[in-house]
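All remarks here apply to the structure that follows.
Numbers here simply count residues along the sequence, with the first being 1. In listed order, ligands and their atoms are each counted from 1. Predicted, not measured: the structure shown is a model, and the values here were computed from it.
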Amino acid sequence: MNSLSNKKILVVICGGISAYKSLELIRGLKKKQVEIKTIITKSAKEFVTPLSITSLSQGKVYEDLFSSESESEMDHISLSRWADLIVVVPATANTISKLSNGLTDDLASTVLLASNKKIFIVPAMNVRMWDHPSNKKNIIKLREYGYSIIGPEIGDMACGEYGEGKMTEPSDILLHIENYLSSLQKNKKYKALVTAGPTREYLDPVRYLTNKSSGKQGYEIAKSFRDNGFETTLISGITNLKPLEDIKFIEVETADEMLKKTIENLPVDVAVFSAAVCDYKFKKYNKEKIKKNAELDISMIKNTDILSYVSKHNSLRPKLTVGFAAETENLDLNAKDKLSSKNCDWIIANNVSDNEIGFDSEYNEVKIFYKNNKNEILHKMNKSLIAENIVERVIKNLN
Ligand code: CTP
């Protein structure tokens, strides 16, 4: 059995000269026992016919958003839910632009926007269109949204020009999708745990000490583990973010609760400690609100270091233990020190004093320090892409 057999794939064909190649992809998918449904845009019909698609796919072809026949049989939401994954082939500059801006004016764009599935985009266009800054921006946005972009390749184009923009060959697209599915299958055996967000240390029922962590980076890491097939647990301090689907989500407030829930959810294969845990808690918690004229005692004691605790107990320690280092100065020195003092395998260090890449930003720039004295920088990018890069490295390490 191959990784594609019995999978359901929705093929979205847009209007470009390479649309005819989508037929070859459909033929390849069919040979691998894939169940196929197709959406064809109005302009794609200038290049391929619904009849040629149905005869190859032996599945229904959907064309029009407001066709009462197709909507009653399967509406645009069910269509996007039906598929295990979606491939847009060829993806024109127009479709890419619509997707990156959330525009929905036909069935294809509506289904894509409504989808909660993995989407592969296979661009094909003239080299100048591909290189246009607005297209480049759109592609970056799509990557940030979690779409996988396959190609384009460099070569001779139908328009007679030469350059980047040529559609990836159907056999390579097939390989790409197969590799993705088999890696999902392989990763199913792995468990991941992520801590995220700030903790709150209470002085009394209405007052607490906390920090600026938004939890965004940790949530993105958990999401990326899930999307790569891991059984994922996210232990989060209070944030403004929504719990993530298909992830075991545990909300905590204090560092003590985070420690307890972390231990309860071990063992795992990989743990990423991205939470900004308060180093101190109040020595004395007052059950009642402290009154203004009462004598104030705000002396503090240290919280347990969750990362150190887990990584120094052999019975708890995951195969791969990854910590973060939030620094405002001496990044390299402090990160290396945390790598050894906390006994972890990797430390992911970031400069939290820079607002562009700091706590509440959409972006991050990190330097990963490995146990073998090597390090590498992931330059400024959206936190979702940082997460993908980290998880990609985790998968390589575990395998
Ligand atoms: N960490 C933890 N438990 C704590 C404190 C920190 O698990 N009580 C983890 C964080 O989740 C992160 C790493 O330790 O993975 C480093 O956290 P950071 O705040 O950068 O460093 P600290 O250990 O708190 O040291 P310092 O505040 O002196 O930089």
Lys/Arg cation over aromatic Trp82: Lys37, 6.0 Å, 45° cone: yes

Taking atom 16 (C) of ligand 1 as the reference point, the nearest protein heavy atom with its distance: Phe324 O, 2.9 Å

Atom 3 (N) of ligand 1: the protein heavy-atom neighbour that sits closest, reported with distance to 0.1 Å: Ile306 N, 2.9 Å

salt_bridge(Lys383, Glu144) N-O dist < 4.0 Å: no

Residue Gly323 vicinity, atoms of ligand 1 by number, heavy atom under 4.0 Å: 15 (O)

Carboxylate-amine/guanidinium contact Arg207 Asp204, below 4.0 Å: yes

Within-cut-off N or O pair, Cys278 and ligand 1, under 3.5 Å: no

Lys118, NZ: over 12 other non-hydrogen atoms inside 6.0 angstrom: yes

Within-cutoff protein neighbour (heavy atom, under 4.0 Å) for atom 19 (O) of ligand 1: no

Under 4.0 Å to a heavy atom of Ala275 - the qualifying atoms of ligand 1, by number: 10 (C), 11 (O)

Lys302 near ligand 1 by a heavy-atom separation under 4.0 Å: no

Residue, atom name and distance, where the atom is the protein heavy atom closest to atom 22 (P) of ligand 1: Lys342 NZ, 3.9 Å

For atom 15 (O) of ligand 1, closest protein heavy-atom neighbour: Phe273 O, 2.6 Å

Thr195 N/O to ligand 1 N/O under 3.5 Å: no

Cation-aromatic face contact Lys60/Tyr62, 6.0 Å, 45 degrees: yes

Side-chain ion pair, Asp345 and Lys371, N-O less than 4.0 Å: yes

Protein contact of atom 29 (O) of ligand 1 - nearest heavy atom, named by residue and atom, plus distance: Lys338 NZ, 2.8 Å

Close approach, Ala255 and ligand 1, non-hydrogen under 4.0 angstrom: no

Salt bridge (Lys or Arg N to Asp or Glu O under 4.0 Å) assessment of Glu35 paired with Lys7: CA-CA 6 Å; Glu35 198 182 328; Lys7 286 281 180 286; over 6 Å; no

Salt bridge (Lys or Arg N to Asp or Glu O under 4.0 Å) assessment of Lys338 paired with Glu327: CA-CA 11 Å; Lys338 283 176 189 170; Glu327 305 299 342; 2.5 Å; yes

Shortest reach to atom 8 (N) of ligand 1 by a heavy atom, considering only Thr304, Asp279, Val310, Asn303: Thr304

Side chain to side chain donor-acceptor pair (under 3.5 Å) partner of Asn364, chosen from His379, Gln217, Glu220, Lys380: Gln217

Atoms of ligand 1, numbered as shown, that sit under 4.0 Å from any heavy atom of Ala325: 20 (O)

Shortest protein contact, atom 1 (N) of ligand 1 (heavy atom only): Asp305 OD1, 3.8 Å

Ligand 1 to Ala276 polar contact by distance, N or O atoms, under 3.5 Å: no

Closest candidate by heavy atom, reference atom 4 (C) of ligand 1, pool Thr328, Val277, Leu307: Val277

Note: Asp105-Lys98 ion pair, threshold 4.0 Å (strictly below): yes

Lys/Arg N to Asp/Glu carboxylate O, Lys32 vs Glu178, below 4.0 Å: yes

